[in-house]
Amino acid sequence: MKRKQQHKNKMSKATVALVGCDTYAEQRVYQAVEAGIKLLGGFTRFVKPGERIVLKPNVLFGSNPDKCVSTHPAVLKAVGRLLQQAEVDVYYGDSSGFGKCETNMRRAGLKAAANELGIKLADFDKGRAVTHQEALLNKRFVIANGALDCDGLISLPKLKTHGLTRITGAVKNQLGCIPGIRKSQYHVKMPSPYDFATMLVDLTTLLRPRLYIMDGIIAMEGNGPRSGWPKHLDILLFSEDPVALDATACKIIGLDPEFVPTSAPGEKARLGTYHDENIELVGEDIASFIDQDFAVVRRPPVAVRGGRWRILARNWVCPQPTIDTGVCTNCGTCVSHCPATPKAVDWHTGDETIPPTFKYDRCIRCYCCQEFCPEGAVTIRDTFIGKVLFH
Ligand code: SF4
Ligand code: SF4
């Protein structure tokens, strides 16, 4: 009997709730978030009165909400309002690639939204070391104080494309709980996209957000996560299972979840499931949201492991970042954020009046330059051999 019960638990499905919403008008978003939470059984399943709960939006650089780089303020506000009605002490925070958390929150319109409700900013600029013995790969993290000094997190990812991990979704959203530039050091430590993704899974099993609410009302396709194009998908997704949530988002944008490198380690770590048969969709019919034309790279990331030929093989097959010199403003952001030592993108000629160039032998293909470029001047291009092999 006991064994049967265990089997049943093992086979219980992950629930993902889908709610349509075609606008960021506050009241409409509020109603949609309320409906989504209700489909999962109500906020009382996730929080208790008096608890300190931190909302973790995806902010990146704090761009204007119209650019769709960050979780929209209307989503933060709707979740915050509902939590306050549940008598929760609500905070918010995220550590972006650079700059102070508060500055980026202001730029993204999230600070104004939070201030209207009296939601307080948590400390995501400083952190402390934490060990994670059950981790698959990375057993030590430095985590933002704000993410540690709370009773629980609610993760508010934005549905966007990402050069390294295909999408930046529910699992990847916890990367912003690592304060400051420490994040980019993981690219050096773990240059394989699969190791990097396993680290993201470890981070999420450490932090265990209680709930994930994904902003897919206007998503980002193309050259994401910063320089892509806004695309209406008109949907909010809700789940306790971040792997299932990301897999459902993949289904909507016509991407095989196998191509998202957090999927397999996410299942291995028992963080969740990405297999259709283990996911129960509730709410609106997913068919009405599917967009097969969504611009996303539909193949797995390429990883080249150790050995003497690694650099050569990487240069042959791994997609390369390139700079459109007509768009580049020569700001140097890519240079300052390149984690490779020595820098792979730099003014190698010594002339800082012209756009930087790449030394691909040094490049670990983290695509931070593409992610951080404020002008969208950096794109990721397939190599000739990569095209032949993977298309
Ligand atoms: S050049 Fe770009 S992709 Fe290469 S290591 Fe530097 S930041 Fe990463
Ligand atoms: S970050 Fe973009 S705009 Fe700035 S120097 Fe690099 S490529 Fe040019």
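Start at 1 and go down the list; that is how both ligands and their atoms are numbered.
The aromatic rings of His72 and Tyr24 lie parallel to each other, their planes meeting at an angle below 30°, with 60° marking the opposite boundary. Relative ring orientation between Tyr360 and Phe358 is described as parallel, the plane-to-plane angle staying below 30° on a 0-90° scale split at 30° and 60°. By the 30° and 60° cut-offs, the orientation of the rings of His337 relative to Phe372 is parallel.
The shortest separation from a heavy atom of Gly376 to ligand 2 is not under 4.0 Å, leaving the residue out of contact.
In this structure, Arg299 is not positioned above the aromatic face of Phe259 in the sense of NZ or CZ being under 6.0 Å from the six-membered ring centre and within 45° of the axis.
Remark: ligand 1 atoms within the under-4.0 Å shell around heavy atoms of Phe358 are 1 (S). Set against the non-hydrogen atoms of Tyr367, the atoms of ligand 1 under 4.0 Å away are 3 (S), 8 (Fe). Applying the 4.0 Å criterion to heavy atoms of Pro374 picks out, from ligand 2, the atoms 1 (S). Near Pro321, with a cut-off below 4.0 Å to any heavy atom, the atoms of ligand 1 are 3 (S). Each of the atoms 1 (S), 6 (Fe) of ligand 1 lies under 4.0 Å from some heavy atom of Ala344. Every atom of ligand 1 with a heavy atom of Pro339 under 4.0 Å away is listed here by number and element: 7 (S).
Between the side chain of Thr165 and the main chain of His162, no donor-acceptor pair closer than 3.5 Å is present.
The closest protein non-hydrogen atom to atom 5 (S) of ligand 1 is Ile364 N, 3.5 Å. Nearest non-hydrogen protein atom to atom 4 (Fe) of ligand 1 is Cys363 SG, 2.3 Å. Looking at atom 2 (Fe) of ligand 1, its nearest protein heavy atom turns out to be Cys369 SG, 2.4 Å.
Of the options Cys338, Cys366, Cys318, Ser336, the smallest heavy-atom separation from atom 8 (Fe) of ligand 1 is shown by Cys366.
Protein N/O/S atoms closer than 2.8 Å to atom 8 (Fe) of ligand 2: Cys328 SG.
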- Query: Can Asp94 and Lys56 be said to form a salt bridge (Lys or Arg N to Asp or Glu O under 4.0 Å), step by step?
  - Reply: CA-CA 6 Å; Asp94 182 30; Lys56 162 62 184 78; 2.8 Å; yes

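Remark: the Glu221 side chain and the Thr161 side chain contain no N/O donor-acceptor pair separated by less than 3.5 Å.
The pair Glu102-Lys111 meets the salt-bridge criterion, with a side-chain N (NZ, NE, NH1 or NH2) lying under 4.0 Å from an Asp/Glu carboxylate O. Ion pair Arg128/Asp149 flagged as a salt bridge, since at least one NZ, NE, NH1 or NH2 atom sits closer than 4.0 Å to an Asp/Glu carboxylate oxygen. Between Arg52 and Asp89 there is no salt bridge, since no side-chain nitrogen of the basic residue lies less than 4.0 Å from a carboxylate oxygen of the acidic one.
Residues Lys160 and Lys172 have side chains not in contact (no heavy-atom distance under 4.5 Å, counting atoms from C-beta outward).
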